[in-house]
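Data first, discussion second: the structure below is written as structure tokens.
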Amino acid sequence: MGTRLRPLTSTRPKPILPVADKPCLGYLIDSFVRGGIEEIYLACGYRSQQLMDAIGDGSDRGITIRYSFEDEPRGTGGAIKLLEDKLDDVFVAANGDVFADIDLRKEIDVHLDNDADITLALTPVDNPWEFGTAIQDETGRIVRFMEKPKKEDVISNLINAGIYIVKKEMISYIPRDQEYDFSKDLVPMKTDEGARIWGHRLDGIWMDVGRRTDLIKANLTVASMVENNMSFVTESKIHGTLFLGNNASLTFSEITDASIMRRSAIVNSSVIRSVIMPGCIVDDSIIIDSVIGENAVIRRGSVIRNCIIGDGEIVPANSNLDSIGGS
């Protein structure tokens with residue numbers, strides 16, 4: 001549900017939040033395509049029609065994308081259980097609400113080379129207590145796994161990035177018609193039972209996008225790798241990284257590390273470490289460490305810090321907004 005990103009997730013599912021004018025989930029799907037995957041099922045829940053509209057049927061990527069629907073939330077394991085009769089003997093499963101641009105083929109090779117039952121993508125983070133944490137032996141086998149431990153109980157800074165290679169037979173351990181979590185329930189159980197659970201350290205970019213600061217970081221990561229069309233930049237100064245979408249314009253403005261998406265217009269303004277989503281107008285204002293929702297209007301003289309502004313919102317002239325302590 002993306003509660004920490006509201007109000008943006010009140011009007012769209014979290015996986016299609018834009019990262020440089022592309023649905024966040026699109027980067028993961030493209031990683032799958034590069035890894036040789038030809039058919040993908042998306043397990044849908046919240047605002048599923050919007051997800052379908054944004055992602056499509058895969059024909060633009062040369063693959064097939066199908067959709068699976070739940071009558072009620074069944075967790076990550078329950079969602080996979082619904083698809084059991086459609087899965088290959090070895091398949092890939094992934095959380096769709098992260099920003100990931102990775103080399104999936106390497107993880108598949110690790111899985112096959114070690115005849116693993118489940119292979120987890122692992123990545124180091126600074127806040128491992130918010131994720132599933134793993135300890136590996138010298139071969140890469142996971143010998144201990146703990147889901148979201150207390151800070152004082154953290155066993156490793158290597159966390160489960162939510163991208164799995166799985167033997168289909170593992171799905172037989174997931175009960176039918178009830179909520180069941182892949183990371184919280186299945187992986188710890190099979191690890192403790194001595195199953196062949198392997199870890200692969202991700203090669204590529206992975207980050208959680210559960211907070212405002214995370215979404216900004218993902219956008220700036222992509223911004224650092226693109227070349228912008230500067231046709232609609234007039235008398236403006238640019239520092240650091242910038243993503244500038246199609247028909248987005250900068251006029252008499254100063255930009256420091258920002259993602260300014262298609263059709264947005266920044267006039268006489270300063271934008272610092274922020275994301276401006278499509279179709280926005282920012283007029284003679286200052287935006288710092290914030291995310292401005294689609295088609296929002298920021299009127300003259302406003303200062304916005306550490307905020308998330310919802311889609312279509314109109315911020316009155318001379319507003320001073322600061323969500324102090326917000327993430």
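Just so it is clear, the model here is predicted, and its values are computed rather than measured.
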Check your understanding: Considering only heavy atoms from C-beta outward, does the side chain of Val19 approach that of Leu17 to under 4.5 Å?
Key -> no

Review point. CD of Glu84 to OG of Ser172: how many Å apart, nearest 0.5 Å?
Key: 7.0 Å

Check your understanding: How close do Gln136 and His200 get, heavy atom to heavy atom, and via which atoms?
Key -> NE2-N, 4.5 Å

Check your understanding: Can you check whether Arg66 reaches Leu83 side chain to side chain, under 4.5 Å on heavy atoms?
Key -> no

**Study point:** Side-chain donor/acceptor of Asn219 to backbone N/O of Ser259, under 3.5 Å
**Key:** no

Practice item. Output yes when Arg300 and Asp283 qualify as a salt bridge under the 4.0 Å nitrogen-oxygen rule, no when they do not. Key: yes

Check your understanding: So, Asn114 side chain and Trp198 main chain: donor-acceptor pair closer than 3.5 Å or not?
Key -> no

Review point. Linking I/L/V/M/F/W/Y whenever any side-chain heavy atoms sit under 4.5 Å apart, do Leu186 and Phe91 land together?
Key: yes

Point to revise | Nearest-0.5 Å distance that lies between atom CD in Glu227 and atom CG in Leu244 | key: 12.5 Å

Review point. Is the number of heavy atoms from other residues, nucleotides or ligands under 6.0 Å of Glu235 CD greater than 12?
Key: no

Check your understanding: Looking at Tyr173, is Lys190 sitting on its ring face, NZ or CZ under 6.0 Å from the six-membered ring centre and within 45 degrees of the normal?
Key -> yes

Practice item. Flag yes if Val187 and Leu122 sit in one hydrophobic cluster, no otherwise; membership is Ile, Leu, Val, Met, Phe, Trp, Tyr, and two members link when side-chain heavy atoms are under 4.5 Å apart. Key: yes

**Study point:** Side-chain heavy-atom pair Leu250, Ile255 within 4.5 angstrom cut-off
**Key:** yes

Practice item. Take atom NZ of Lys168 as the centre, draw a 6.0 Å sphere, and report whether it contains more than 12 heavy atoms from other residues, nucleotides or ligands. Key: yes

Exercise for review: Determine the minimum heavy-atom distance between Leu82 and Phe69, stating which atoms define it.
Suggested key: CD1-O, 4.2 Å

Review point. Is Asp117 close to Arg196 at the side-chain level, that is, under 4.5 Å between some pair of heavy atoms?
Key: yes

Exercise for review: Ignoring hydrogens and angles, tell me if any N or O in the side chain of Asp103 forms a donor-acceptor pair with the backbone of Arg105 under 3.5 Å.
Suggested key: yes

Review point. Between the side chain of Lys81 and the main-chain N/O of Ile171, is any donor-acceptor distance below 3.5 Å?
Key: yes

Check your understanding: Hey, does Arg305 have a side-chain heavy atom less than 4.5 Å from the side chain of Asn320?
Key -> yes

Point to revise | Under 3.5 Å donor-acceptor, Lys106 side chain and Leu202 backbone | key: no

Exercise for review: Might you point out which heavy atoms bring Gly96 and Pro15 nearest each other, and give the distance in Å?
Suggested key: O-CB, 3.3 Å

Review point. Under 3.5 Å, is there a donor-acceptor pair between the side chain of Ser156 and the main chain of Ala134?
Key: yes

Would you tabulate the side-chain donor-acceptor contacts of residues 267-279 under 3.5 Å, counting partners in other chains and residues two or more places apart, or write 'none'?
residue : atom : partner : partner atom : Å
Ser269  : OG   : Val267  : O            : 2.7
Ser269  : OG   : Val282  : O            : 3.4
Ser269  : OG   : Asp284  : N            : 3.0
Ser269  : OG   : Ser285  : N            : 2.9
Ser269  : OG   : Ser285  : O            : 3.4
Arg273  : NE   : Asp289  : OD1          : 2.8
Arg273  : NH2  : Asp289  : OD2          : 3.1
Ser274  : OG   : Ile272  : O            : 2.8
Ser274  : OG   : Asp289  : N            : 3.0
Ser274  : OG   : Ser290  : N            : 3.0
Ser274  : OG   : Ser290  : O            : 3.4

Revision key, fill the gap. What one should report as the nearest heavy-atom pair of Cys44 and Ser48 is CB-CB, 3.4 Å

Check your understanding: More than 12 non-hydrogen atoms from neighbouring residues, nucleotides or ligands closer than 6.0 Å to CG on Asp113, yes or no?
Key -> yes

Practice item. Count the heavy atoms of every other residue, nucleotide or ligand shown that sit under 6.0 Å from CZ of Arg47, and state whether that count exceeds 12. Key: yes

Exercise for review: Could you go through the side-chain contact (heavy atoms from CB on, under 4.5 Å) check for Thr9 and Arg6 one step at a time?
Suggested key: CA-CA 5 Å; Thr9 47; Arg6 287 176 179 164; 3.4 Å; yes

Review point. Between Asn306 and Ser323, is any side-chain donor less than 3.5 angstrom from a side-chain acceptor?
Key: no

Exercise for review: Of all the heavy-atom pairs spanning Ile102 and Ile163, show the shortest one and how long it is.
Suggested key: CD1-CD1, 3.5 Å

Practice item. Report the distance from atom CG of Asn160 to atom CZ of Phe182, rounding to the nearest 0.5 Å. Key: 9.5 Å

Check your understanding: So, Arg12 and Glu294, do they make that salt bridge, N to O below 4.0 Å?
Key -> yes

Review point. Side-chain contact, heavy-atom cut-off 4.5 Å: Ile238 with Met230?
Key: yes

Exercise for review: First locate atom CD1 of Ile287, then atom CD1 of Ile298, and finally report the distance between them rounded to the nearest 0.5 Å.
Suggested key: 5.0 Å

Check your understanding: Would a hydrophobic clustering, with Ile, Leu, Val, Met, Phe, Trp and Tyr connected at side-chain separations under 4.5 Å, put Ile174 with Met170?
Key -> yes

Review point. Would a distance-only check, ignoring hydrogens and angles, find a side-chain to backbone donor-acceptor pair under 3.5 Å from Asp137 to Thr139?
Key: yes

Point to revise | Leu5 reachable from Ile309 in the ILVMFWY side-chain graph, under 4.5 Å edges | key: no

Point to revise | OG1-CG distance between Thr221 and Asp101, expressed to the nearest 0.5 angstrom | key: 10.0 Å

Exercise for review: Could you check Leu87, Asp115, Ile118 and say which one makes a side chain to side chain contact (heavy atoms under 4.5 Å, CB included) with Lys167?
Suggested key: Asp115

Review point. Take atom NZ in Lys22; do more than 12 heavy atoms of anything else shown fall under 6.0 Å from it?
Key: yes

Check your understanding: With no hydrogens and no angle check, do the side chains of Arg34 and Ser31 hold a donor and an acceptor under 3.5 Å apart?
Key -> yes

Review point. Considering residues, nucleotides and ligands other than Glu193, do more than 12 of their heavy atoms fall under 6.0 Å from its CD?
Key: yes

**Study point:** Asp85 atom CG, over 12 foreign heavy atoms within 6.0 Å
**Key:** yes

Check your understanding: Are any side-chain N or O atoms of Thr133 and backbone N or O atoms of Ile159, one a donor and one an acceptor, separated by less than 3.5 Å?
Key -> no

**Study point:** side-chain contact (heavy atoms from CB on, under 4.5 Å) between Tyr27 and Val222, intermediate numbers included
**Key:** CA-CA 10 Å; Tyr27 294 90; Val222 176; 3.8 Å; yes

Point to revise | In one Ile/Leu/Val/Met/Phe/Trp/Tyr side-chain cluster, 4.5 Å: Phe131, Val154 | key: no

Check your understanding: If we only count heavy atoms from C-beta on, is the Ile37 to Ile63 side-chain gap below 4.5 Å?
Key -> no

**Study point:** pair Val125-Met207: side-chain heavy atoms closer than 4.5 Å
**Key:** no

Practice item. Specify the closest pair of heavy atoms between Phe243 and Ala20, including all atoms of both residues, with the distance to one decimal. Key: CZ-O, 3.4 Å

**Study point:** Gap between atom OG1 of Thr123 and atom CG of Asp203 - 0.5 Å precision
**Key:** 10.5 Å

Review point. Hey, is the main chain of Leu8 close enough, under 3.5 Å, to the side chain of Ser10 for a donor-acceptor pair?
Key: no

Practice item. State whether the side chain of Gln50 and the backbone N or O of Thr11 hold a donor-acceptor pair below 3.5 Å, judged by distance alone. Key: yes

